[in-house]
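Below is one structure, written out as structure tokens; comments come after it.
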Amino acid sequence: MRKIVAIVISMLLLTGCRSTDIQKRIVVTAIGIGDDSITYQTFSPENEIEIYTFSCDSLSEAEEKLALETGKEVFTGDVELIVFSGKENIEPYLDYLWHSPDIYMGTPVAFAESEKLLETESEKLVGILNTAGAKVGLIDFYNDIYSADSSAKLPLFSSSGEISGEILLKSSLECGIIALYNE
């Protein structure tokens with residue numbers, strides 16, 4: 001019996017897990033990057049979707065504002081969707097997402113005609129992408145835009161929340177990554 005107690009105590013002491021109370025964390029389920037704002041769709045412990053929008057120029061600044069407004073640690077490990085809307089140069093945002101240790105590289109990326117798209121639950125939007133066969137993961141987008149061709153296509157959500165086609169993005173040294181036209 002003493003061996004079992006010793007083993008259990010050893011296991012508890014040797015675990016390197018750092019636990020954060022869910023009540024102290026805000027879970028981000030989608031990120032929207034618009035012309036002059038960044039929107040976070042979050043999931044509360046009460047099973048409610050909450051939307052936070054901040055006027056800022058970077059994702060790090062927006063995350064700081066989200067943490068200050070909610071008083072909680074921002075957790076982006078459950079992001080289900082990343083949506084760009086109207087940004088002329090998305091390269092700094094893509095770079096931030098790429099280097100974020102919490103963001104899954106297979107997270108779907110899309111473009112939207114309206115910044116209001118994230119008022120629709122991210123799970124529903126990802127379902128629309130899957131149904132349309134238009135899902136493009138962050139890693140695929142990143143690899144395409146930085147390939148020899150320097151271009152990538154993303155699905156385009158209409159203002160009504162349906163897939164209305166694709167948008168072509170081009171990368172150049174002078175302009176960064178810009179959206180060119182719909183197809």
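None of these values were measured; they are calculated from a predicted model.
In this view, Ser158 and Glu113, Ser160, Glu162, Ser164 satisfy the side-chain contact (heavy atoms from CB on, under 4.5 Å) rule, not counting sequence neighbours. Not counting sequence neighbours, Asn130 has no partner by the side-chain hydrogen bond (donor to acceptor under 3.5 Å, both in side chains) test. Applying the side-chain hydrogen bond (donor to acceptor under 3.5 Å, both in side chains) test to Thr53 and every residue at least two apart in sequence or in another chain returns Thr39. Every side-chain contact (heavy atoms from CB on, under 4.5 Å) that Asp78 has, sequence neighbours left out, goes to Val27, Phe75. Listed by chain and number, the residues in a side-chain contact (heavy atoms from CB on, under 4.5 Å) with Thr76 are Val28, Glu63, Val74, Val79, Ser100, Asp102, Ile103 (sequence neighbours excluded). Here Ser60 pairs with Ser58 under the side-chain hydrogen bond (donor to acceptor under 3.5 Å, both in side chains) rule; sequence neighbours left out.
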### Query
Please walk me through it: do Asp149 and Ser151 pass side-chain hydrogen bond (donor to acceptor under 3.5 Å, both in side chains)?
CA-CA 6 Å; Asp149 185 28; Ser151 67; 2.6 Å; yes
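Note that the OG1 atom of Thr107 and the CD atom of Glu80 stand 9.0 Å from one another [nearest 0.5 Å].
Between Tyr142 and Trp98, the angle of the ring planes stays under 30°, which puts this pair in the parallel group of the 30/60° scheme.
Closest heavy-atom contact between Pro155 and Val109: CD-O, 3.7 Å.
Few gaps surround CD on Glu50; more than 12 heavy atoms of other groups in view lie less than 6.0 Å from it. Heavy atoms of other residues, nucleotides or ligands lying less than 6.0 angstrom from NZ of Lys135 number 12 at most.
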